[in-house]
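Input: a single structure, listed below in structure tokens.
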2 protein chains.
Amino acid sequence: MAVVSFQPLEPTMRGRVPAPQHRARIVRVGLLGLGNVGQAVVRALQASNDVLQARGLSFRVHAALVRNPERPRRCPPVPRITNDSDAFLRGRYDVVIEALGGTDPARMLVARLLGRGVAVVSANKALVAAHGDSLHRIARRRRAPFRYEASALAGVPFIGPFARRPLVGSLTGITGILNGTTNYVLTSVARDGVAVAEALRRAQELGLAEPDSALDMSGRDAADKLVLLLRECAGIAIDAASLEVSGLDSVEAPDLAAARALGGTIKPLVHARIHDAVRAFVGPAFVPAQHPLAAVDGALNGVCLDSRFIPGLFLSGPGAGPDITAATILDDAAEIAGERDLAERETWRTPSAMLPLRPADTPWFVRVASLNLKQVISILCDVGIAATRSIAGQEPCVLTSPADRARIDLAVAKFGAAGAGATSALRAIGDS
Amino acid sequence: MAVVSFQPLEPTMRGRVPAPQHRARIVRVGLLGLGNVGQAVVRALQASNDVLQARGLSFRVHAALVRNPERPRRCPPVPRITNDSDAFLRGRYDVVIEALGGTDPARMLVARLLGRGVAVVSANKALVAAHGDSLHRIARRRRAPFRYEASALAGVPFIGPFARRPLVGSLTGITGILNGTTNYVLTSVARDGVAVAEALRRAQELGLAEPDSALDMSGRDAADKLVLLLRECAGIAIDAASLEVSGLDSVEAPDLAAARALGGTIKPLVHARIHDAVRAFVGPAFVPAQHPLAAVDGALNGVCLDSRFIPGLFLSGPGAGPDITAATILDDAAEIAGERDLAERETWRTPSAMLPLRPADTPWFVRVASLNLKQVISILCDVGIAATRSIAGQEPCVLTSPADRARIDLAVAKFGAAGAGATSALRAIGDS
């Protein structure tokens, strides 16, 4: 018998009790930028007013620095909107939210604010990846909090915790989908069989991709996020310019069908193994169906994190979007406002090591037109690569043993010399 | 053409640079208990010494309070092992790690330490679920940090972040697998078709389940964790005694096979929807195959969290085990040691609302012996429940429209009156 016993429910009916009484603290907010994210921040402040008040916090937007003050905006009114950066910087703020994007003029403005001891919250991965160290030096010197939890996997608050917690922060591996646009595009290609360019066009029509998607499609946005996560979550600095970055132009629709036949799919990955050196790549890669990232579809983001002491973590959620980004920005601001002495905290995010970047050895997903499977396997064998799984047909397709990029490039050159047509060569990761 | 371009890698070769210079701070550690978790803490301190030193922290275990000082232990030696609690309490500690388990004498000892202003780190969900409020009152009064990140989903540091961040902490829903033993057992039943009792016996032989597994198998351990998460991550207190808790004895092996035929599986869940009331249950439930929790197998834990501002988060990782628990305990201790003014922080975990607990309306998974499918559907219909998916056969099986437990119990009684044999009635959740 497997009837579960009935346990009577006695609702306590006590209802909401008043929140604990804090002295409501006025938090003066300045906004750098009032575009999609800036407007979402102002809307989120209104929508979350009850929640923030319950924590004893009263956020007041004082001013916004914008390029064009006249532009219509979809958010509650901001008292002072100016395009004069000196006038903006004369204001008094407890926290300034940087929502400009890009490295300039964001870097100069953030540096000046931190230099005056003003807390800054940002979601700007390009800024932090390129200038995080110099901005942190200013922040530490002036004991000014500088946070950017929304800069990668915006909906999941994990960057701060990993930065502050030394054991879980002893990362040995990161594999993730950190760009929603490219994941949406590849998910559409996998589902509908359309070309990458067509899937991108549809995403742009739906507002799910920016009109200028070059940073996303080239892999540069994901690469900035990987650099940032290595720095924050693992205390590791790398020479970002040497990172292997491939864009979505390295994928064609038949690759997705072939990947499915090989028991997986193709996802826009960032991947780093960390030991004495970092072996990393950014770009579309084969992911086995049983890997948790294979199920992270559409605009969702996800990341697998392994640490020396705690392996096998997987986090997923909405990776970006103005409303999610705004909510996480406000949580950063609320954390700052709820803390008294932040200076000690900030020092914990300093990289503890600058590690060399080495070529990553991974399996590869290879699809070759106009050769037969036997020719493909034979050429791979010639350069010292084994096929671990294969599918024959007009465009034979194999998963290989681990190899670095130089070796696979050699095989691709030999395919060409043997008369091959188009060849796809994408990295692949293992089961977990 | 889809050959990705070769980007030459130039390893920086600068190697490890020295960690930033903090003044190494001696952290005096006391241990309450030196069982599996306590010994793992002492081992982890040794293994992570380099990592902690790099953060400027030098942990020194001074003493351990144990029941039997003579018992052999698998960990580096502890200077002072005593069974005299007064002698232990006379020691001077910066942080005491509570690794006793259970509510007594842990409650008294933790209260006395917090009352003296000593920071306490624990992984004891039973203690926190039952006495969290009174211990937090003492902690706040004495400005003593009290942390227990390892008490649920031990490997994933999310309790603290959700407690401190008001927007992501405005939870509207929690659905999770928070007990590794029962998940391991149900995963074995699903895979091998053995009975629950047999799968438990095997898990105990492998050391994956405690010899006394009553807390796990009854659902009480998971219920404590749900109460704790509602309190910490959502600021919601409920009357825990009224929570609907079912144990694994409500599942039989054929339920797992039938669940698979219905396109899902059965998992040991905690589930709460939070609005003006909390609708919650703890127990084995049907999970559709496409739900992220369906893939959380073996001893892994996972949780889906929805907040008013950030929906659709999913976190998974190792849920317990001495080494994982020890690593997270040490991260709590390191966070405490790295912060200066903690008192403000602690107040943020006070529940903001005591909400009534109401019966949960969910779909149900129903399997009935000795009736045919038509009879089963007809009886369900009589009590106002629709079948949304069904499988005929000797033991017909259906997924139903949402209903509360009273209504399904009525249907089960009517099955019995109509001559049914064994009936399984388990809750079910939707696709996400």
Side-chain angles (χ1 to χ4, degrees), chain A residues 1-4 6-7 9-14 16-17 19-20 48 51-52 54-55 155-157 161 164-168 170 239 242 244 246 250 252 309-310 312-318 324 327 330-331 334-335 338 340-341 344 350 352-354 356-359 405 409 412 422-424, chain B residues 1-4 6-7 9-14 16-17 19-20 48 51-52 54-55 155-157 161 164-168 170 239 242 244 246 250 252 309-310 312-318 324 327 330-331 334-335 340-341 344 348 350 352-354 356-359 405 409 412 422-424:
Chain A
M1 265 299 283
V3 180
V4 295
F6 174 64
Q7 304 197 8
L9 294 165
E10 303 183 348
T12 65
M13 300 300 286
R14 279 189 253 170
R16 298 250 173 209
V17 298
S48 64
V51 173
L52 294 166
R55 304 279 185 130
V156 186
R164 291 193 293 264
R165 300 175 69 87
L167 275 71
V168 80
S170 301
D239 175 15
S242 308
E244 173 187 315
S246 312
S250 57
E252 293 183 350
F309 304 97
I310 305 181
L313 303 193
F314 174 62
L315 317 172
S316 73
I324 299 296
L330 290 185
D331 272 343
E335 267 203 282
R340 289 245 168 91
D341 182 4
E344 178 73 9
T350 311
S352 60
M354 172 84 192
L357 202 50
R358 295 269 167 72
R405 180 174 286 280
D409 282 347
V412 170
T423 297
S424 286
Chain B
M1 265 298 284
V3 181
V4 294
F6 174 64
Q7 303 198 9
L9 294 166
E10 303 184 348
T12 65
M13 300 300 287
R14 278 187 255 168
R16 297 251 175 208
V17 298
S48 65
V51 173
L52 294 166
R55 304 279 185 131
V156 185
R164 291 193 293 263
R165 300 176 68 88
L167 275 72
V168 78
S170 300
D239 176 16
S242 308
E244 174 187 315
S246 313
S250 56
E252 293 183 349
F309 304 98
I310 304 180
L313 302 193
F314 174 62
L315 317 172
S316 73
I324 299 296
L330 290 185
D331 271 343
E335 267 203 281
R340 289 246 167 90
D341 182 5
E344 178 73 10
W348 284 50
T350 312
S352 59
M354 172 84 192
L357 203 49
R358 296 267 166 73
R405 180 173 288 279
D409 282 349
V412 170
T423 297
S424 286

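Just so it is clear: chains get the letters A, B, ... in the order the sequence lines come, proteins before strands, and each one is counted from 1. The shown structure was predicted, so the numbers you read here are calculated from the model rather than taken from an experiment.
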ring-ring contact (aromatic ring centres under 6.0 Å, His included) involving Phe314(A) - partner list, sequence neighbours excluded: Phe314(B)

Leu313(A) portion near chain B, given a 4.5 angstrom heavy-atom threshold: both

Contact origin within Ser170(A) toward chain B - heavy atom pairs under 4.5 Å: side chain

Option among Leu330(A), Val51(A), Ile324(A) that satisfies the side-chain contact (heavy atoms from CB on, under 4.5 Å) test with Phe309(B): Val51(A)

Atom of Pro166(B), atom of Arg55(A) and distance for their closest heavy-atom approach: CA-NH2, 3.5 Å

Atom of Pro157(A), atom of Pro161(B) and distance for their closest heavy-atom approach: O-CB, 4.0 Å

From CA spacing to verdict: side-chain contact (heavy atoms from CB on, under 4.5 Å), Leu315(A), Val156(B): CA-CA 9 Å; Leu315(A) 317 172; Val156(B) 185; 4.0 Å; yes

Residue among Gly155(A), Pro318(A), Ser316(A) with most heavy-atom pairs under 4.5 Å to chain B: Ser316(A)

